[in-house]
Novice: 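I am attaching a structure below and will ask some questions about it afterwards.
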Amino acid sequence: MKPSLPQGTRDFGADILYKRNYIFSTIKSVFETYGFEPLETPAMENLDTLMGKYGDEGDKLIFKILNNGLQLSEKHAPARIDFEEVLAGKNSKGITERALRYDLTIPFARYVAMNQGQLSLPYKRYQMQPVWRADRPQKGRYREFYQCDADVAGSHSLWNEVELAGIYRDVFAALHLPVSIRINSRKILAALSMACNNADLLTDITIAIDKLDKIGLEKVMLELELKGIDASGRNIIQSYLQIGGSNREKMEALRLLMPSNELGKAGLEEIEFLLEHYTDEAGVLLEIDFTLARGLNYYTGIIFEIKAQGIAFGSIGGGGRYADLTSFFGVKDIPGVGISFGVDRIYDVLEALNLFPPTLGKGTEVLFFNTGLEECKMAYKLMHILRKKKIRCELFAETSKFDKQFKYAVKKGIPYAAIIGAEELKTNQVVLKSLTMGTQQVISVDAFINYKYS
RNA sequence: GAGAUUGUAGCUCAGCAUGGUUAGAGCGUCAGAUUGUGGCUCUGAAGGCCGGGGGUUCGAGUCCCCUCAUUCUCCCCA
């Protein structure tokens with residue numbers, strides 16, 4: 001058979017993995033300096049845990065796992081009935097009761113709900129694992145991709161938002177990736193839909209607004225009209241979307257637009273708190289963007305979105321506050337706030353802007369040539385010593401001609417070749433050749449062991 | 001779910017509008033030049049049911065239909 005990958009999935013070779021791990025380890029170390037603890041959850045969850053949490057569209061995109069044991073004859077009759085349910089677009093436990101996780105937030109909520117007795121709130125966890133979506137893949141979109149989330153459960157304090165913004169700042173400063181952190185408040189969006197007398201259409205309004213920089217003002221207005229927003233409402237939204245200037249000017253403009261709305265005021269106060277306590281550093285600024293909406297409709301407070309500067313790309317991170325993290329699982333009054341990094345997109349952006357450090361690879365430093373059994377025995381002893389000194393080395397596995405061994409070293413980017421031939425075996429010496437310089441020297445075993453590689 | 005795109009050697013692709021002996025190139029792989037010191041060069045070799053199925057035709061990689069897969073756009077999302 002012809003080997004192939006499932007649609008929307010990828011293999012990661014060494015070159016890619018060095019770079020991906022650089023991103024992961026940067027994010028991870030920042031998470032930990034902010035006091036977040038690691039958590040991992042299973043790739044699969046019970047279907048019940050996931051269904052109904054992501055909206056109708058989301059439910060369709062959940063990868064379901066077929067139950068085992070359907071071939072048993074006593075299960076045939078019920079399975080056929082259950083399958084009719086599936087054909088009708090419903091889920092049936094008789095056919096599938098497990099599914100691949102769709103994001104990290106719901107498994108986190110499930111974990112908090114299951115362990116609320118043991119966890120001391122507020123609970124701050126980070127999680128970096130793949131998620132799966134049965135979406136149609138396209139540029140920058142995959143069916144298997146990684147999310148890196150940091151969330152806080154059980155705290156209403158706005159200091160969490162300040163800290164999370166700090167995490168964004170520190171990660172992108174460490175990656176030397178210029179970004180803008182754009183913020184808005186879901187409360188302000190709710191106030192806006194109230195101001196249009198269409199509080200019930202909040203979701204439709206946010207989805208339309210969210211498309212602004214993609215499809216332009218006119219088409220957003222058209223979509224709002226189709227959704228049933230009347231002319232006066234559309235006028236308010238239009239002037240709302242055209243608010244510009246500095247952060248302070250934007251806030252002033254918003255106050256004028258909806259002067260008497262309590263919800264809007266509350267949203268503005270939260271934003272002010274965040275702006276007041278956030279510390280600018282490394283040129284990473286917080287920027288109010290009232291057109292920011294974020295599709296996920298469980299957000300209730302401040303929302304974040306990260307865009308890279310100097311390149312037109314989708315968002316590379318986002319997050320926000322959600323009032324009711326665990327009520328799905330019967331546990332009330334545990335609020336949540338969190339952020340997420342889109343590693344796959346950050347990778348693409350760093351690659352496009354050529355921002356990866358040049359020396360990420362941690363490959364072999366010394367290749368021992370294989371020139372025969374007795375020589376290999378000596379090489380093997382020397383490797384043992386080098387490895388104790390954390391020097392990465394390997395023996396070429398086959399007794400091949402030098403040509404081949406050199407090519408192996410060059411291809412793997414190995415900087416040194418250690419050659420022990422019959423002559424060196426006798427004199428207890430090693431030929432150490434620098435493949436980058438092209439020079440070589442015959443040195444004693446002692447000098448070889450103590451040589452400064454790197 | 002809707003629309004478009006591309007499937008030819010391990011990889012990147014040419015050939016197809018105008019059907020015609022044995023389907024090509026570059027890179028890579030392997031062997032030799034080179035009796036154990038690389039990257040260069042030269043020589044040679046292996047490697048293809050031209051995505052699959054059906055049709056038109058004396059004849060199909062090339063034309064038609066179906067199907068599968070790919071990539072991209074929309075919807076939605078990271």
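Quick note on labels: first sequence line is chain A, next is B, and so on, each numbered from 1.
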Novice: Searching all strands shown, indicate the nucleotide that pairs with rA31(B) (Watson-Crick or G-U wobble; both distances under 3.5 Å).
Specialist: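 By the stated definition (distances under 3.5 Å), rU43(B) pairs with rA31(B).
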Novice: Using the aromatic ring of Phe145(A) (for Trp, its six-membered ring), decide whether it stacks on the base of rA78(B) within the limits of 5.5 Å and 30°.
Specialist: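 Whether judged by distance or by angle, Phe145(A) passes, so it stacks on the base of rA78(B).
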Novice: Map Asp344(A) and Lys401(A) onto RNA chain B by nearest heavy atom, then report which one ends up closer to the 5' terminus.
Specialist: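 Mapping each residue to its closest nucleotide by heavy atoms, the 5'-most match is Lys401(A).
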Novice: Between Thr371(A) and Ile420(A), is there a donor-acceptor pair closer than 3.5 Å when you use the side chain of the first and the backbone of the second?
Specialist: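 Checking the backbone N and O of Ile420(A) against the side chain of Thr371(A), a donor-acceptor pair under 3.5 Å is found.
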Novice: Does any residue of residues 403-412 of chain A have a heavy atom under 4.0 Å from RNA chain B, and if so, which ones, in number order?
Specialist: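 Output list: Asp403(A), Lys404(A), Gln405(A), Phe406(A), Lys407(A), Val410(A), Lys411(A).
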Novice: Kindly confirm or rule out a cation-pi arrangement of Arg20(A) over Phe12(A), judged by NZ or CZ under 6.0 Å from the six-membered ring centre and within 45° of its axis?
Specialist: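 Yes.
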Novice: Please enumerate all residues that pass ring pair (Phe, Tyr, Trp, His ring centres under 6.0 Å) together with Tyr240(A), with sequence neighbours excluded.
Specialist: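 In terms of ring pair (Phe, Tyr, Trp, His ring centres under 6.0 Å), with neighbours along the sequence ignored, Tyr240(A) is linked to Phe290(A).
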Novice: Between the protein and nucleotides 70-75 of chain B, list every N/O to N/O distance that falls short of 3.5 Å.
Specialist:
residue : atom : partner   : partner atom : Å
rU70(B) : OP2  : Gln7(A)   : NE2          : 3.3
rC72(B) : OP1  : Lys139(A) : N            : 3.4
rU73(B) : OP2  : Gln138(A) : OE1          : 2.9
rU73(B) : OP2  : Lys139(A) : N            : 3.2
rC75(B) : N4   : Gln138(A) : NE2          : 3.3
rC75(B) : N4   : Arg141(A) : NH1          : 2.9

Novice: The criterion is salt bridge (charged side-chain N to carboxylate O under 4.0 Å, His left out); which residues satisfy it with Glu37(A), sequence neighbours excluded?
Specialist: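 Applying salt bridge (charged side-chain N to carboxylate O under 4.0 Å, His left out) to Glu37(A) gives none.
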Novice: Can you check nucleotides 11-13 of chain B for protein contacts, nitrogen or oxygen pairs under 3.5 Å, and list what you find?
Specialist:
none

Novice: Roughly how many Å is it from CD1 in Ile106(A) to C1' in rA78(B), rounded to a whole number?
Specialist: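 So the two atoms are 16 Å apart, to the nearest Å.
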Novice: Does Tyr142(A) have Arg10(A) sitting over its ring (NZ/CZ under 6.0 Å from centre, angle to axis within 45°)?
Specialist: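 Yes, Arg10(A) sits over the ring of Tyr142(A).
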Novice: Could you measure between the two P atoms, the one in rG7(B) and the one in rC16(B), and give it in whole Å?
Specialist: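 Per the computed distance, 13 Å lies between those P atoms.
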Novice: Among all residues two or more places apart in sequence or in another chain, which pass the ring pair (Phe, Tyr, Trp, His ring centres under 6.0 Å) test with Phe36(A)?
Specialist: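 For Phe36(A), no residue satisfies ring pair (Phe, Tyr, Trp, His ring centres under 6.0 Å) once neighbours in sequence are set aside.
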Novice: Between Tyr278(A) and Arg169(A), is there a cation-pi geometry (under 6.0 Å to ring centre, at most 45° from the normal)?
Specialist: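 Yes, Arg169(A) sits over the ring of Tyr278(A).
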Novice: Specify the separation, in whole Å, of atom CG of Leu292(A) and atom P of rA78(B).
Specialist: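 Result: 12 Å.
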